[in-house]
Engineer: 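The structure follows.
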Amino acid sequence: MRGASNILTPAFRHDLIAGGVAGLIGGLVFWWALAAQGMAPDVPGLLGLHLLGAGVILHLLSSVLVGASFGAVLRYQPSGYAGTTSSGLLLGLLWWVAGPMSLGPLLEGAGPTWSIVEAQKVFPSLIGHLLYGGVTGLGFYIFVASYLYFRPRSEDLVPLPEVPKTRVLILGGGFGGIGTAQRLERLYSRVPGVEITLVSQSNYLLYTPMLAEVASSALEPQHISAPVRASCPHTRFHRGEVVDINTKDQVVRVRSGGSVPYEDLTYDRLVLALGSVANYFDLPGMAENSFKLKTLEDATRLRNHIIGLLEDVDVEPFDEERVSRLTFAVAGGGFAGIEAIAELFDMVHSVLHFYPTIQPPQLRFVLIHSRDRILPELGAQLGDYALRKLQARGIEFMLENRVTGAVPGAVLLGNGEILSTHTLVWTAGNQPNPLLKTLPCEKNRAGAVVVDGTLLVDGLTNVWAVGDCAQIPDPYNDGRPYPPTAQHALREGKVAAENIAAVIQGKPVKQFRFRAIGVLVGLGHRTAAAEIRGWRFSGLLAWLMWRTIYLSKLPGAEKKVRVALDWTIDLFFPRDIVVTSSLERNPILDGNPVPPASQEQPPDNGNDRTNAGDGTAGDGAE
Amino acid sequence: MKASQVLKNGVLPGGLAGLAGGLVLAAAMYELGRLDIFGQLAGVISQLAGFILVLAVSALLGAGFGVLVWYQRPNAGETLVWGLVYGVFWWYLGRLTMLPLLQGKGLTWDVDSARAAFPDLLGLILLGGIIGLAHVFLRRMFQVQAEAQQAGRASLFRGALAGLLSAYLLGVAADGQDQLLAFAGMAAGGSALAAWPVILLIGLLAGVGFAWLFTDSTGGAGVGLIRGIAYGFFWWVAGGLTLVPLITGSGLVWTATEVQIIFPTLPGYLLFGAAVALLYQFLGALIRLLFSEFLPGSSEEGLGTQGLRIVGRSGLAALVGGLLFSLVMWQTGFLPRVADLIGSSSPVTGFIVHLAIAGLIGLSYGILFRRQSYDVGSALGWGVSYGFFWAMLGPLTLMPVLLGGTPQWTADAAASVFPNLIGHLGYGAGLGVTFYILEARYSPWWVPRTEVQAARLERREEQVQTSGPALWTLLILLGLTLPILLAKGQGLTPVY
């Protein structure tokens, strides 16, 4: 048990001692009363001891122990003698039930019957226990009260001293950051000495594996995200952007929404959980002309864009434009890319009946991947399975090809081709948060800080790093870094929290060790591929597993219910095509204002109406 | 506590309350023909000596009560409960222990002596109740600043409604066992039609009284339920055993053998009190839900989050309690009877049914007693009190009904399910303590973490000042004592 030293506070100790002493007095009263009736408490007889004097000693010993347990349960409550005495009576009664009614017959070997006859037989003992309880309760109160009266400076009468606080600062509200905060909360829920603060730009923990389903209108955006304030109720949350980390002075500068431009947060222990951002490798036009899938905003934007395109195509007269608008491209054949293309395919087909001018053969879905095999994390067999399944649906794969640039309406490919499309989703590159570059510590090529096996950052003191922004050696894999996944980040956060607690308490820290449980990828249309502990699954079974596991990992019961409902609704109804953003301006038409609608009206009626309604203009002209 | 203050505002009203209670006690003892027995204590066999002695002792007890409840909230209902437990305790300490010693007879704590002193138990409970009620009003008179909240007309009406409904339920349950007349204080053979108005009148008075006494009491529905049981017990002694027989002219029947006959009225009144309290609170909640404005700070996490948490915690807590209880059931061979509920006789089925019931009751505990325990002591208190409630409602009432019979409220039935009572207490203890541990495990919910200990102390202190501890003790004390005293069984040699 953690914190045994915390439990045995001076207050608890004097409660125990006072309870024991009061129990001794209670036991003496009990002894005397029974002896006066020619009966003797037969504790030793029960234990098979028949020595002279053993009876008194054992009886008094048990009285002291039981009295101490009273002290531990009742605890001293100022001015609460009535309650303490009354509770003492209750505890005495419960001891009667536990002792003479249950333990006694058990030790005698007869076994308790708890019958009324038995109870009537030990009725004298009930009165004895009652007196014992009352005397012990009241005596306990009197002892502690007088102790505190004669030593007024002792702990209960003075206000709680200000405990020097250890400030733990967590940067980032992803799985790593939240995992750290939650474990720290649990470790320090009853210790006021540790203050946990979490800084993040978004006030929610996003369950990124389900982001593709938000983009495809299958799930509501809020349903896959849990507010930090709800997940970590005892953590001070700070919504803001980290702009500078000064590890020398142990201070972090944060820009937030208040009236002050920035705030400096000092820390004693720092956890870096800043995650990663999209990496476009400086490809021309990529950042401006592609969609990424990292945040809720990204997913909602992509969803609005695609449904907007369908609306546009429905009224688009030129075939060329129709083709490019109905071509959807995804760059990157990893988990995110595959799930994105599969979900987009499902969504567009599910809502197509709303757009009667669009025929299914006009749609084109293209995945561009730099290697010869998709889903490298899953192994050849499942990768091929996924490829086969998606190709069978009509999704095109451009393997061993890469995107080299993008302009509005087109994507440039590595083999020199140009793909006409208005939708390019970029999942082909991530990099650790660029802010880490400013830190005076070792970083790998991608820019992740290098940490040791205990998650402590090499070259910095009091700084730990977890999740996508850290390179953590995997002892099961010859020290190669762990992959940047949610299941790893969550566990890394917990270990970081435990190690911080260990450092605070001066205990040994532990190494982070974790064998990935498995990987799952949804392939849309009730199929998925999964590899769990070396076992491979595919098809409907894998899809069911995928949904169940994703649902169980979703943070918070409420969100689980909401997502389960969303999925159920999705089984019975088409996806929603409500566009929640305003109509985007068409850049080609910019500068060419749309002429007023009135000119295209039939001349006779339209003119009459205009004149009739606009007397002043007519007057001015004359 | 200043001595002069305590004397003026505690001891003096207490002593006066004691005198008032003493008058009632003396009258009851006179009615029972026991007044002169008290005279013997002063060495004179005379009614007057007995009268004076009763008054003196009552005044002393009242003064002591004034000191006892000095720090307690001056709430009428809660002080009443303190008075009741005070009375019962003095029966044990004064009547069964100190009196024989003073008389030089030597202690005899056996069942027979206790049975002989049974009328005094009822007398002391009545005395305690009156001291409690009188004390709170006298204290309010003496202490100007202790302004009490008055019951509004709406809540009195709510109480009346709750009382009438509960009385109806009580009447139906009693009628099923042919005990309706016992509740109305009528001799057997009377007309049930005449008994109903009496029962409904009791319900009306008890309901209004409940609303009036417990107007500004705090705590959730569960606390109210336990309070209701204690209130029901007061009505059993003051109403069922005292006022009703006096009004109907059948005379006081306070001896153990006589009370044994009308024992069915005891579970009846206790369950009646529980029903009054629950209905009263249910009606209040309904009114709040339908008609009240939004109160800032009243909103919580929402029923779903809260509910799931309760289900999880109370499920585990009920499992712990249920396993404790199953020890008793297994040892006493009660499991096949439980299995009988679903038409089976296998102990394994019985065990499963038992755990399912334990889970349901645990769930109700989680709903009723959420956020009521501040330490292991109060967790134990609420847990065993709730266990006692189910010991009456379960094996004595619901189970026989579900098995196709009528409630079994007789002394014999209560005595025969005594092991079950013990089991329920064990269940309640396990349930309450586990639930508390789970509830408090993830950081105490009622404070921001920085002031954990300070705020806990404060909340606990508040509860200590209510009647909580008195309620727990009263219920368990009576639950254990009354079946033992009122069950048939003689010729037993008392042992430790």
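Keep in mind that this is a model prediction, so the values were computed, not measured. Residue numbers start from 1 in every chain, and the chains themselves are labelled A, B, ... in the order their sequence lines are given, proteins ahead of strands.
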Engineer: To the closest 0.5 Å, what do you measure between CG (A/Leu91) and CH2 (B/Trp472)?
Structural biologist: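 That separation rounds to 9.5 Å.
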Engineer: Closest approach of A/Pro124 and B/Asp110, non-hydrogen atoms and distance?
Structural biologist: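 Shortest heavy-atom separation between A/Pro124 and B/Asp110 comes out as CG-CA, 4.3 Å.
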Engineer: To the closest 0.5 Å, what do you measure between CG (A/Leu90) and CG (B/Leu471)?
Structural biologist: 11.0 Å
Engineer: Does anything in residues 327-334 of chain B reach chain A? List residues with heavy atoms under 4.5 Å apart, or say none.
Structural biologist: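 Within residues 327-334 of chain B, near chain A: B/Leu327, B/Val328, B/Gln331, B/Thr332.
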Engineer: Considering only heavy atoms, which portion of B/Leu96 lies under 4.5 Å from any heavy atom of chain A: side chain, backbone, both, or neither?
Structural biologist: side chain
Engineer: If you look at every heavy atom in A/Ser87 and B/Pro469, which pair is closest and at what distance?
Structural biologist: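 Closest heavy-atom pair between A/Ser87 and B/Pro469: OG-CB, 3.7 Å.
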Engineer: For residues A/Phe123 and B/Ile484, report the shortest heavy-atom separation together with the two atoms involved.
Structural biologist: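 For A/Phe123 and B/Ile484, the tightest heavy-atom pair comes out as CD1-CG2, 3.6 Å.
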Engineer: Given heavy-atom pairs under 4.5 angstrom as the criterion, report whether the side chain, backbone, both or neither of B/Leu421 touches chain A.
Structural biologist: neither
Engineer: Can you tell me which of A/Ala33, A/Gly133, A/Gly92 forms the most heavy-atom pairs within a distance under 4.5 Å of chain B?
Structural biologist: A/Ala33
Engineer: May I have all residue pairs that pass side-chain hydrogen bond (donor to acceptor under 3.5 Å, both in side chains) and include part of residues 89-99 of chain B, sequence neighbours excluded?
Structural biologist: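 Residue pairs passing side-chain hydrogen bond (donor to acceptor under 3.5 Å, both in side chains), neighbours aside: B/Tyr86-B/Trp90, B/Tyr92-B/Thr481, B/Arg95-B/Asp120, B/Thr97-B/Trp109.
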Engineer: Out of B/Asn420, B/Thr473, B/Leu474, which one racks up the most heavy-atom pairs below 4.5 Å with chain A?
Structural biologist: B/Thr473
Engineer: Looking at side-chain heavy atoms only, is the closest gap between A/Leu93 and B/Val384 below 4.5 Å?
Structural biologist: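 Sidechains of B/Val384 and A/Leu93: no contact.
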Engineer: Find the one option among A/Gly128, A/Gly556, A/Ala82 whose heavy-atom pairs under 4.5 Å with chain B are most numerous.
Structural biologist: A/Ala82
Engineer: Rounded at 0.5 Å granularity, tell me how far CH2 in B/Trp82 sits from OG in A/Ser86.
Structural biologist: 4.5 Å
Engineer: Find the one option among A/Val561, A/Leu130, A/Thr85 whose heavy-atom pairs under 4.5 Å with chain B are most numerous.
Structural biologist: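 Ranked by heavy-atom pairs under 4.5 Å with chain B, first place is A/Leu130.
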Engineer: Mind ranking B/Val417, B/Val85, B/Leu425, B/Thr108 by heavy-atom pairs under 4.5 Å with chain A and telling me who comes out on top?
Structural biologist: B/Thr108
Engineer: Restricting to non-hydrogen atoms, name the atom on B/Asp375 and the atom on A/Leu74 that form the minimum distance, rounded to 0.1 Å.
Structural biologist: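 Heavy atoms of B/Asp375 and A/Leu74 come nearest at OD2-O, 3.9 Å.
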Engineer: Mind checking the CH2-OH spacing from B/Trp70 to A/Tyr81? Nearest 0.5 Å is all I need.
Structural biologist: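 Here the rounded value is 8.5 Å.
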Engineer: Does any backbone or side-chain atom of A/Thr113 lie under 4.5 Å from a heavy atom of chain B? Answer side chain, backbone, both or neither.
Structural biologist: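 Just the backbone, heavy atoms under 4.5 Å.
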Engineer: Quick one: which of A/Gly80, A/Gly88, A/Pro112 has the most heavy-atom pairs under 4.5 Å with chain B, could you say?
Structural biologist: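 Heavy-atom pairs under 4.5 Å are most numerous for A/Pro112.
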Engineer: Quick one: closest heavy-atom pair of B/Leu308 and A/Ala557, and the distance?
Structural biologist: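 That would be CD1-CB, 3.4 Å.
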Engineer: Which atoms of A/Ile127 are under 4.5 Å from chain B, going by heavy atoms: the side chain, the backbone, both sets, or neither?
Structural biologist: both
Engineer: Among B/Leu101, B/Ile422, B/Leu475, B/Leu93, single out the residue with the greatest number of heavy-atom pairs under 4.5 Å to chain A.
Structural biologist: B/Ile422
Engineer: How far apart are the closest heavy atoms of A/Val73 and B/Leu380, and which atoms are they?
Structural biologist: CG1-CD1, 4.4 Å
Engineer: Using the salt bridge (charged side-chain N to carboxylate O under 4.0 Å, His left out) rule, collect all pairs that involve residues 413-423 of chain B, keeping only residues at least two apart or in two chains.
Structural biologist: none
Engineer: If you count every heavy atom of other residues, nucleotides or ligands that lies below 6.0 Å from A/Trp114 atom CH2, does the total exceed 12?
Structural biologist: yes
Engineer: Kindly state each residue pair satisfying side-chain hydrogen bond (donor to acceptor under 3.5 Å, both in side chains) with at least one member in residues 130-140 of chain A, sequence neighbours excluded.
Structural biologist: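 Residue pairs passing side-chain hydrogen bond (donor to acceptor under 3.5 Å, both in side chains), neighbours aside: none found.
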Engineer: Around atom CZ of B/Arg73, are there more than 12 heavy atoms from other residues, nucleotides or ligands closer than 6.0 Å?
Structural biologist: yes
Engineer: In terms of heavy-atom pairs under 4.5 Å with chain A, which of B/Pro419, B/Ser467, B/Ala470, B/Gly377 leads?
Structural biologist: B/Pro419
Engineer: By a 4.5 Å heavy-atom criterion (distance strictly below it), what part of B/Ile476 contacts chain A: side chain, backbone, both, or neither?
Structural biologist: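 Backbone plus side chain of B/Ile476, per the 4.5 Å heavy-atom cut-off to chain A.
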